[in-house]
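What follows is one structure encoded as structure tokens, with my remarks underneath.
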Amino acid sequence: MPDPFAGSEWTPDPPRPVAPTAAIMAGRLRGRRVLIGLPGHGWRGDLRADEKVVQGSRTYVPVMPEAEWYRAEAEQTEVFAPLVPVERVWVEELGMAAISAPGDVVSRLVSLDEPPRRNPVAALDAPALTGRRVVQLLEDGGERRDLRAVTELHTSDDGDICARVTTELDWYRWGWSGKTPSTLEVPVHLLWVE
């Protein structure tokens, strides 16, 4: 009996997309990636949250840049975190399934009422990688997140197309201490931009 997969390249399913959820509906927030903003005006990302704080009748979320979050966690120090009204905070959740990227401009239009869902892009199709958040697909079908690309695509010593990645903690530590991060070379077919 002939092999039905002979001659075809198996490719893993893309990683799950980022689907923002209103923080008011989220449970624990400590350490979670968040977006802040105001519907109709815009959104800011690369932030981390701490647990909600109630002052009087208002609920706030302490929010800080990721670099400060990682430094505070690594060095066990406290950092200043502005309090953002909970209705202006959205938590980056992982969606159920990726949707293929639309091709025309009209199908890419989004509502300004909430942050848009972000579908992953194959590293091979991304215009640039260095510094971007990336997802490594694992051979068992899992995903490894909280990574940053430290190189563009290149050819490995084995002749494979790949990119080097590091953990976000090492990425940010590189910025505040100058310590070169340890990296991992990931084949391009297992690497996606978040």
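The structure presented is a predicted model; accordingly, all values stated were derived computationally and were not measured.
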Minimum heavy-atom distance [X]-[Y], with the two atoms named:
X	Y	answer
S111	D113	OG-N, 3.0 Å
A163	L153	CB-CD2, 4.1 Å
P15	P120	O-CG, 3.2 Å
A123	V188	CB-CG2, 4.2 Å
C162	V186	CB-O, 3.0 Å
A67	W176	O-CZ3, 4.1 Å

Within a radius of less than 6.0 Å around CG of D140, do more than 12 heavy atoms belonging to other residues, nucleotides or ligands occur?
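More than 12 within 6.0 Å, yes.
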Can you confirm whether L94 is buried at CG, in the sense that more than 12 heavy atoms of other residues, nucleotides or ligands lie under 6.0 Å from that atom?
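Result for CG/L94: enclosed.
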Report yes if some heavy atom in the side chain of [X] is under 4.5 Å from a heavy atom in the side chain of [Y]; otherwise report no.
X	Y	value
R148	P181	no
R117	N119	yes
T166	W174	no
R144	L184	yes
E185	D158	no
E87	R58	yes
R44	I36	yes
L191	V165	yes

Common cluster, [X]/[Y], ILVMFWY with side-chain heavy-atom separation under 4.5 Å:
X	Y	result
V54	I24	no
V79	W171	yes
M64	L169	yes
W90	V34	no
W192	V18	no

Would E139 and L190 count as a side chain to side chain contact (heavy atoms under 4.5 Å, CB included) if you check the C-alpha gap in whole Å, the side-chain angles of each, and the deciding distance to 0.1 Å?
CA-CA 9 Å; E139 298 291 341; L190 297 176; 3.5 Å; yes
Identify, with sequence neighbours excluded, every residue that meets ring-ring contact (aromatic ring centres under 6.0 Å, His included) alongside Y172.
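Residues passing ring-ring contact (aromatic ring centres under 6.0 Å, His included) with Y172: Y70.
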With sequence neighbours excluded, residues passing side chain to side chain donor-acceptor pair (under 3.5 Å) with E152
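For E152, the residues satisfying side chain to side chain donor-acceptor pair (under 3.5 Å) (neighbours in sequence not counted) are T130.
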Roughly how far apart are L147 CG and T167 OG1, rounded to 0.5 Å?
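The CG atom of L147 sits 7.5 Å away from the OG1 atom of T167.
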Return the CG to CD distance between L138 and E143, rounded to the nearest 0.5 Å.
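Here the rounded value is 8.5 Å.
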Residue pairs fulfilling side-chain hydrogen bond (donor to acceptor under 3.5 Å, both in side chains) with at least one residue in residues 18-39, sequence neighbours excluded
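The answer is R30-D50, R30-E73, R32-E93, R33-E66, R33-D146, R33-E168.
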R145 vs R16, side chain to side chain contact (heavy atoms under 4.5 Å, CB included): CA-CA, chis, key distance, verdict:
CA-CA 11 Å; R145 292 184 180 257; R16 294 168 291 168; 3.9 Å; yes
Are D170 and R164 close enough for a salt bridge, meaning some N to O gap below 4.0 Å?
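Salt bridge absent between D170 and R164.
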Among L29, V84, L83, exactly one meets side-chain contact (heavy atoms from CB on, under 4.5 Å) together with P62. Which residue is that?
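Exactly one pass, corresponding to L83.
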